[in-house]
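Working notes, beginning with the structure itself.
No hydrogens, no waters, no symmetry mates; every other heavy atom, side chains included, goes into these values.
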Amino acid sequence: MLVALAENLRQSLGILHKQDIQFAGKSLGLWDNPDVRLGDDCAAIPDGDRYLLLAAEGLLPAFVVTDPWFAGWCAVMVNVSDIYAMGGRPTAIVDTVWSPDAQTAKPLFAGMKAAASAYQVPIVGGHTNHRSVYSALSVAILGQATQLITSFDAQPGDVLVMAVDLRGVPHPQYPFWNAATDADPARLRGDLAILPTLAESGLCRAGKDISMGGAIGTLLMLLETSECGAKVQLDQIPIPPDVPLEQWLVSFPSYGFLLSIAPTHVDNVQQFFHQRDLACAAIGEVQATKTLVLQSQSESIIFWDFAQQRLTGF
């Protein structure tokens with residue numbers, strides 16, 4: 001069972017798409033910039049006594065066509081999550097929209113507007129084309145942070161902690177767990193505010209938001225940039241009732257973070273999330289090996305060996 005699960009996860013689009021990043025990195029010479037480390041959820045640009053955070057996300061074209069309002073919402077939500085994941089606070093958003101006509105774009109703009117209002121992040125500009133032969137959407141975001149949660153600083157011996165909002169419903173067609181659109185906006189913002197609090201208090205040194213790579217794909221990116229391995233106990237992963245494990249592991253959870261925490265801080269970190277009725281569990285340990293091992297009950301398997309295969313290349 002674990003062997004089949006591992007093989008399905010390796011072939012999931014979320015992980016395959018992350019491997020495509022290698023081509024972009026090589027083509028643009030992104031490894032040649034010593035000032036901005038690449039592989040984080042945002043580019044963290046030093047700016048005096050703070051960091052400017054810059055990120056962007058494009059939406060799956062089929063998603064934009066079949067569920068445009070939710071695609072507009074998600075375009076804002078995923079960018080906001082990237083900023084908070086690094087211990088930052090969002091400043092403003094710009095969008096890029098292509099559509100055959102204005103009417104087609106209307107729900108995209110409505111979804112973006114609703115999310116921007118809920119998360120209180122203004123949309124301040126962008127690019128619009130209503131004479132395109134296709135529909136497409138991307139959003140970029142600017143934020144700032146005084147202390148970072150990075151993808152580079154996980155240490156062997158750290159406890160891997162997963163924090164997630166289980167109060168949602170699965171999308172009927174795509175691997176999304178919607179825990180946002182029907183939630184109280186003030187609660188959404190308060191839940192996200194935990195991340196900069198952890199960064200500024202020194203309780204968390206490394207982490208990522210759970211992206212379209214799913215929980216395992218996101219963990220691979222964290223381990224690759226930190227040059228570590230890990231062992232994960234699949235049975236300890238917080239999961240909604242009646243959702244199959246494989247489906248959950250490839251889902252974007254609306255609100256979900258993987259954090260690398262020193263053992264002495266785990267209880268304190270969990271309290272921040274539990275006080276807001278968010279699931280937060282220790283699911284494994286960072287190790288000095290270059291492998292990710294998945295374990296379930298008495299079974300275990302080497303899921304990924306970085307000595308044999310890169311993911312993003314960062």
Side-chain angles (χ1 to χ4, degrees), residues 18 35-47 49-57 77-91 119 121 141-165 188-211 213 215 217-228 230 252-276 278-286 312 314:
K18 298 305 180 186
D35 297 321
V36 179
R37 296 189 296 182
L38 297 176
D40 267 325
D41 291 302
C42 307
I45 304 166
D47 183 43
D49 59 354
R50 64 174 182 171
Y51 295 89
L52 296 179
L53 302 178
L54 186 62
E57 295 280 354
M77 176 177 66
V78 297
N79 276 283
V80 168
S81 182
D82 281 343
I83 296 290
Y84 279 105
M86 290 196 63
R89 295 174 177 84
T91 302
Y119 292 106
V121 184
I141 192 167
L142 178 70
Q144 56 183 300
T146 56
Q147 298 291 329
L148 295 178
I149 297 173
T150 82
S151 299
F152 297 90
D153 298 316
Q155 300 292 322
D158 281 357
V159 177
L160 285 171
V161 171
M162 180 174 174
V164 66
D165 190 349
L188 292 177
R189 297 191 298 270
D191 291 348
L192 287 167
I194 294 173
L195 280 303
T197 299
L198 294 179
E200 291 159 9
S201 63
L203 292 174
C204 178
R205 56 186 164 212
K208 294 186 77 70
D209 81 318
I210 299 175
S211 68
T218 299
L219 178 56
L220 284 176
M221 290 188 287
L222 175 62
L223 297 175
E224 183 175 39
T225 47
S226 289
E227 299 187 88
C228 293
F252 173 78
S254 295
Y255 181 100
F257 300 91
L258 287 173
L259 306 174
S260 184
I261 306 293
T264 54
H265 294 328
V266 171
D267 289 343
N268 288 340
V269 168
Q270 287 182 306
Q271 286 180 16
F272 278 96
F273 294 99
H274 291 162
Q275 288 170 359
R276 299 192 61 84
L278 295 160
C280 183
I283 64 167
E285 181 184 34
V286 179
T312 67
F314 293 128

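Residues F273 and V161 fail the side-chain proximity criterion, which asks for heavy atoms closer than 4.5 Å. Taking 4.5 Å as the limit, some side-chain heavy atom of L195 sits within range of a side-chain heavy atom of L259.
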Would you check, one step at a time, whether the test side chain to side chain contact (heavy atoms under 4.5 Å, CB included) holds for L219 with L160? CA-CA 9 Å; L219 178 56; L160 285 171; 3.9 Å; yes
Could you walk me through whether E57 and S211 pass side chain to side chain contact (heavy atoms under 4.5 Å, CB included), step by step? CA-CA 11 Å; E57 295 280 354; S211 68; 5.9 Å; no
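For Y51, the OH atom sits in a loose shell: 12 or fewer heavy atoms of surrounding residues, nucleotides or ligands are nearer than 6.0 Å.
The shortest heavy-atom contact between F252 and V78 is CZ-CG1, 3.4 Å. Closest heavy-atom contact between L38 and T225: O-CG2, 4.4 Å. Across L222 and A206, no two heavy atoms sit closer than the pair CD1-CB, 4.3 Å. For the pair P253 and I210, the tightest heavy-atom approach, listed with the atom from each and the gap, is CD-O, 3.5 Å. Across all non-hydrogen atoms, the minimal contact from P46 to A44 is CD-O, 3.5 Å. Considering every non-hydrogen atom in both A56 and N79, the closest pair reads CA-OD1, 3.5 Å.
By the side-chain hydrogen bond (donor to acceptor under 3.5 Å, both in side chains) test, R189 is found to be paired with no residue, residues two or more places apart in sequence or in another chain being considered. For the side-chain hydrogen bond (donor to acceptor under 3.5 Å, both in side chains) test, residues two or more places apart in sequence or in another chain that qualify with S151 are D40, K208. Evaluation of the ring-ring contact (aromatic ring centres under 6.0 Å, His included) rule for F257 yields Y255 as partners, not counting sequence neighbours. Taking A282 as the reference, V159 meet the side chain to side chain contact (heavy atoms under 4.5 Å, CB included) condition, with sequence neighbours excluded. Residues meeting the side chain to side chain contact (heavy atoms under 4.5 Å, CB included) test with A145, sequence neighbours left out: L53, L148. Residues forming a side-chain hydrogen bond (donor to acceptor under 3.5 Å, both in side chains) with Q155 (at least two apart in sequence, or on another chain): none. Under the rule for a side-chain hydrogen bond (donor to acceptor under 3.5 Å, both in side chains), the partners of D47 that lie at least two apart in sequence or sit in another chain are R50.
Here the CD atom belonging to Q144 is positioned 12.5 Å from the SG atom belonging to C42, to the nearest 0.5 angstrom. Note that CG of D41 and CD1 of I149 are 10.0 Å apart. Values are rounded to the nearest 0.5 Å. Atom CD1 of I194 and atom CD of Q275 lie 8.5 Å apart (nearest 0.5 Å). In this structure, S254 OG and L188 CG are separated by 9.0 Å, a value rounded to the nearest 0.5 Å.
Counting only distance, with no hydrogens or angles, the side chain of T150 and the backbone of F152 share a donor-acceptor pair below 3.5 Å. In this structure, S260 contributes its side chain and A154 its backbone to no donor-acceptor pair below 3.5 Å.
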Tell me which donor-acceptor pairs under 3.5 Å the side chains of residues 262-271 have, and how far apart each pair is, sequence neighbours excluded?
from	atom 1	to	atom 2	distance (Å)
Q270	NE2	C280	O	3.1

Below 3.5 Å, can you tabulate the donor-acceptor pairs from side chains in residues 80-88 to any protein atom, sequence neighbours excluded?
from	atom 1	to	atom 2	distance (Å)
S81	OG	D209	OD2	2.9

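Among pairs with a residue in residues 193-207, those fulfilling salt bridge (Lys or Arg N to Asp or Glu O under 4.0 Å) read R89-E200, D158-R205, at least two apart in sequence or across chains.
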